[in-house]
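The shown structure was predicted, so the numbers you read here are calculated from the model rather than taken from an experiment. Just so we're on the same page: letters track the sequence lines, and every chain starts at 1. Computed over heavy atoms, backbone and side chain alike; hydrogens, waters and symmetry mates excluded.
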Amino acid sequence: MPEIVFHQPGGRVATVETEAGVSVMRAAVQNAVEGIVGECGGQAMCATCHVLVHESVLDGLPPIGDDEEEMLDCTAAPRDPRRSRLGCQLIMGTDLPKVAVDVPETQL
Amino acid sequence: MSPKPSSEPGVVVIGAGQAGVHVADALREGGYHGAVTIVGDEPGVPYERPPLSKGFLVGTTAPESLRLRDPEHFMKRRIKLRIGVAARRVDTVGRTVALADGMRLGYDHLVLATGAAPRGLPIPGSDLTGVCCLRTVADARWLRERMRSARSVVIVGGGFIGMEIAATTRGRGPHTTVLEAADRPLERALSPTMARHLVEAHRRSGVDVRLGERVTGLVGERGHVTGVVGASGHTYPADLVVVAIGVSPRAELAEAAGVRVADGILVDGSLRTTVPEIFAVGDCARHPNVHAGAMVRIESVQNATDQARHVADTILGTVDEPYARLPWFWSHQGELRLQIAGLRGPDEYDVVLGAPESGRFSVCGYRDGRLVAVETLNRPADHQAARRLLQAGVSPDPALLSDHAFDLKDFAKREVPSADRVPRPLPTREEHS
């Protein structure tokens, strides 16, 4: 099963296993991972599922779309030029079997 | 909060929607050790409703992604779920809730998150087969099934839900008509500019939107609906009618328990009802809202989740201030992605940013010279900027907005310093392998 590791600002780590086809945001919300809000339901409209992807998995990510690009400019925590992504746009599956992300300090 | 043995009453939450589930989670996240029980009258794992009038109707949202939480989540957090059973009676003296299955739950704090129920049409024929409302996943399944074979769909009510449903039915076969009694839809919630734009966009995509057409009757044959009669005298053929004329708060349980109710369960700034141990949150709660300057009831995910957190913090004793979060909403109607920050009043002065004909623009509403609400269509960055400005109480001079180079996003970044939003830099950590 695809696996997502969430690193919280305080140092706590949560590992979530999920079905293929489920986004990082959705997996986080269904497992109540703190700091991932996903308030727009996954439309790249709200930037409350901002995550900072660990360097080691950056190469496996899909490219950033126009909506995501716009929203990444509005994240509550500062955007990291390389690592910032919206969790709703990262779909777990064969292309992305495993990912580790930092949850930012703030989303709203 | 000190640890409590689980035999003690703890918190009972009535309602397993966004508000109810968030109360329970926020209590656990805040370190609450007592018993937490959620009672919900619908069967199945708690789920979210917004996709029901959008992706779920067209089949792009799978049933599993409706779940608010994984089923195991509740067990892991020691949140008891009493699902598929209604709460029948609250005894405010003995502090117990009687459930329909005969069980009785004691409580220290009771949170009413009972939501709202769709209003029916108080006219002849509304009990015909083929006439429905949309609130629950069961309603949505039924509607989705009917939509497949329907030839003419009439949606009564041009509000958010009605327009969202229209956006899913048109282009999928059935002829779609929206009947709205007012001369413009969402009269109180939307600027005339935005309302007009939405109506025109729906019309262009093939929805027959009739404004100023009050429904006076439903006609049928052999028990099945065949048409909707308008005040104009016209009969609109229909084999499927969706009534989307708003909701009524579910306040009967509170009222029967002696809690004060007036079009919603009345609460104070702490979201506490007239009975001190009982709170109300979400769609069912009429609360003093600082942004509205009035007692209001707000039906939105934001309102449900923010109020839930506030009540949890109040129970935990970690908050003193009254509830003051900025209201915001969204409505996706096909390609029309509308977001609203703040609350409009009746007499706003509007300034439009961007060109409506481009399908991407924002309407900034001013009251007494201050920015109070911003509607954005397909401009999510403006929405985020607006929320930051409104929450911080920063209002750009309306004259600034008429400059073509004005950018709400840049203005918000400049005027609401990021220091307010980013308390601490992220600590560096080792890479996970």
Closer than 3.5 angstrom, by distance alone: can the side chain of B:Gln384 be matched with the main-chain N or O of A:Met71 as a donor-acceptor pair?
no

- Message: Taking CZ in B:Arg414 as the centre, count heavy atoms belonging to other residues, nucleotides or ligands within less than 6.0 Å. Is the count above 12?
- Response: yes

Task: A:Glu69 atom CD, over 12 foreign heavy atoms within 6.0 Å - done: yes

I would like to know whether A:Asn31 and B:Lys76 meet side chain to side chain contact (heavy atoms under 4.5 Å, CB included); could you show each step before the answer?
CA-CA 10 Å; A:Asn31 290 280; B:Lys76 282 188 207 153; 4.3 Å; yes

Counting only heavy atoms closer than 4.5 Å, note whether [X] contacts chain A via side chain, backbone, both or neither.
| X | result |
| --- | --- |
| B:Gln302 | neither |
| B:Glu48 | side chain |
| B:Arg28 | neither |
| B:Asp70 | both |

For residues A:Ala32 and B:His73, report the shortest heavy-atom separation together with the two atoms involved.
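Heavy-atom minimum between the residues: CB-CE1, 3.1 Å.
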
A:Val29 to B:Arg69 - nearest heavy-atom pair and separation: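 Smallest heavy-atom distance, with atoms named: O-NH1, 3.2 Å.
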
- Message: I'd like to know if B:Arg309 and A:Glu34 make a salt bridge, using a cut-off of under 4.0 Å between side-chain N and carboxylate O.
- Response: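 A:Glu34 and B:Arg309: not salt-bridged.
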
Hey, are A:Glu70 and B:Arg337 close enough for a salt bridge, meaning a charged N less than 4.0 Å from a carboxylate O?
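No salt bridge links A:Glu70 with B:Arg337.
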
Value for CG (B:Leu338) from CE (A:Met45), rounded to nearest 0.5 Å, stands at 8.5 Å

Rounding to 0.5 Å, atoms SG (A:Cys74) and CZ (B:Arg387) come to a distance of 10.5 Å

Pick from [options] with the largest number of heavy-atom pairs that fall under 4.5 Å of chain A:
| options | result |
| --- | --- |
| B:Pro380, B:Gly55, B:Pro71 | B:Pro380 |
| B:Arg77, B:Lys409, B:His332 | B:His332 |
| B:Asp25, B:Val301, B:Leu68 | B:Leu68 |

